[in-house]
Amino acid sequence: MSGMSGMSGMSGMSGTRRDEERGGRAAAGEAATAGAAETVERRDAEDAAASLRRLHVPGDPLILPNAWDAASARAVVEAGFPVVATGSAAVAPVLGYEDGERTPAAEMMAAIGRIARAVPVPVTADVERGYGLDPAELAERLLAAGAVGCNLEDSDPRTGELVDPERQAEFLAGVRAAAGSRLVINARVDTHIGGDGSRAAAVDRARRYLDAGADCVYPIGADGEKEIERLVAEIGAPVNVLFRPGTPPLARLAELGVARVSFGHGLHQAVHAHTKRLLQAIAAGRDPYA
């Protein structure tokens, strides 16, 4: 009996050890699988970001008709464009907010995530000045949403006041350090819309941001062929231009050495204006499709 009892105890202990070993192996397997998945995701993000980065070619610009939701993003891809960009001033009203970082960060990231899941091409997201997130969290949340690029502006979205260039350069460097090569950073320079409008100020900020790790700079509001041409020449790196009424044609922007052309919220404004005209026709008893 005592022998039977001893054997039973040994058997129980052995079974417990086996269970623990199996549990340990399972946990290790799950950890390895999770680690492998994370490695694949990181590699995929790096590959997508590298593809996006390669498309910033001075003289053969990346054209970005900015989208505002999954449907418009799919339309961009169906039209043959290799990248989808979001515009905060278009996404915000779709979500029920005004532009200027009035959209909660979680809602903006969720919108970016829906767009990224809807298309098979790289997505670059306009995230104003980061919605109050610190650089590491901003990079983490952008990557988690599926974005491999971002616009970051150097003025306070709520006041329009320019941020000190050294402070902005530190912010950009923090995003670069956290994201590594997985994010293409387009650093917006707001001196033409919120500063003295001088080329010297724009070039100084642009160079600081490039030194901090930006891939491209975006002197928003820069107008006229001569000004754009000089900015491109003096900055000496990929330059993004906003296309709006009065901007030189796309072919001419290519000749000026521009590397990227954004449409901002212009397309959304045009679509919304058209929708309002349709609704006015219905309200007046007319056929909106006539």
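Heads up: numbering here begins at 1 and tracks the sequence. The structure displayed is predicted, hence computed values, not measured ones.
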Carboxylate-amine/guanidinium contact Arg43 Asp47, below 4.0 Å: no
Quick one: do Leu64 and Arg260 satisfy side-chain contact (heavy atoms from CB on, under 4.5 Å)? Show the steps, please. CA-CA 8 Å; Leu64 297 172; Arg260 171 169 167 157; 3.3 Å; yes
Salt bridge or not between Lys226 and Glu229? Use side-chain N to carboxylate O under 4.0 Å. no
Calculate, to the nearest 0.5 Å, the distance between atoms OG1 and NE2 belonging to Thr86 and His268 respectively. 12.5 Å
Within-4.5 Å side-chain heavy-atom neighbours: Ser155 and Arg188: yes
Please step through side-chain contact (heavy atoms from CB on, under 4.5 Å) for the pair Val217 and Arg208, ending with a clear verdict. CA-CA 10 Å; Val217 290; Arg208 289 172 186 259; over 6 Å; no
Give a yes or no on whether Ile115 and Val77 share a hydrophobic cluster (residues Ile, Leu, Val, Met, Phe, Trp, Tyr; joining criterion: side-chain heavy atoms under 4.5 Å apart). yes
To check you understand the geometry: which heavy-atom pair defines the closest contact between Arg74 and Ala118, and what is its length? NE-O, 3.6 Å
Quick check against the 3.5 Å criterion: does Arg199 have a side-chain atom that pairs as donor or acceptor with the backbone of Leu231? no
Over all heavy atoms of both residues, which pair between Met108 and Ala92 is shortest? Give the atoms and the distance, please. CE-N, 4.5 Å
Within one Ile-Leu-Val-Met-Phe-Trp-Tyr cluster: Leu242 and Ile63, side-chain cutoff 4.5 Å: no
Minimum side-chain heavy-atom gap Arg129-Asp156 below 4.5 Å: no
Can you check whether Val148 reaches Val123 side chain to side chain, under 4.5 Å on heavy atoms? no
Kindly compute the distance separating CG (Leu95) from OG1 (Thr103), expressed to the nearest 0.5 Å. 6.0 Å
I want to check something: taking the side chain as every heavy atom from C-beta on, are Glu128 and Asp99 in contact at a cut-off of under 4.5 Å? yes
Shared hydrophobic cluster, Val271 / Ile282 (ILVMFWY, side-chain heavy atoms < 4.5 Å): no
Do the charged groups of Glu137 and Arg141 touch, with an N to O distance under 4.0 Å? yes
Locate the shortest heavy-atom distance separating Ala169 from Tyr209; write the atom from each residue and the value. N-CE2, 4.0 Å
When you check the side-chain N and O atoms of Ser51 and Arg54, is any donor under 3.5 Å from an acceptor? yes
Taking side chain as C-beta onward, heavy atoms only, is Thr124 less than 4.5 Å from Val184? no
Considering all heavy atoms, the nearest His192-Ala222 contact: CD2-CA, 3.9 Å
Is there side-chain contact between Phe171 and Arg167, with at least one heavy-atom pair below 4.5 Å? no
Distance, nearest 0.5 Å, that separates CD of Glu153 from OH of Tyr218: 10.0 Å
Is there a side-chain contact between Leu152 and Leu138 in this structure, where contact means two heavy atoms from C-beta onward sitting under 4.5 Å apart? yes
Could you report the tightest heavy-atom contact between Glu225 and Pro248, atom names first, then the distance? CG-CG, 3.6 Å
Would you give the length of the straight line joining atom CD1 of Ile228 to atom CZ of Arg252, rounded to the nearest 0.5 angstrom? 9.5 Å
Over all atoms of both residues, closest heavy-atom pair of Leu142 and Ala125: CD2-CB, 4.1 Å
When you check the side-chain N and O atoms of Asn240 and Ser262, is any donor under 3.5 Å from an acceptor? yes
Pro104 meets the side chain to side chain contact (heavy atoms under 4.5 Å, CB included) criterion, sequence neighbours left out, with Tyr97, Glu107
If you measure from CD on Glu166 to CZ on Arg205, what distance do you get to the nearest 0.5 Å? 10.5 Å
Check for me, please, whether Leu55 and Leu250 land in the same ILVMFWY cluster - side-chain distances under 4.5 Å, paths through other members count. no
Are Leu62 and Leu210 grouped together when hydrophobic residues (ILVMFWY) are joined by side-chain heavy atoms under 4.5 angstrom apart? no
Any sub-3.5 Å donor-acceptor pair from Arg176's side-chain atoms to Gly213's backbone N or O? yes
Just verifying a value: how many Å separate Arg207 CZ and Ile235 CD1, rounded to the nearest 0.5 Å? 8.0 Å
Taking the side chain as every heavy atom from C-beta outward, state whether Asn186 and Asp215 have any atom pair closer than 4.5 Å. no
Is it the case that the side chain of Asp154 and the backbone of Gln168 share a donor-acceptor pair, with hydrogens and angles ignored and the cut-off at 3.5 Å? no
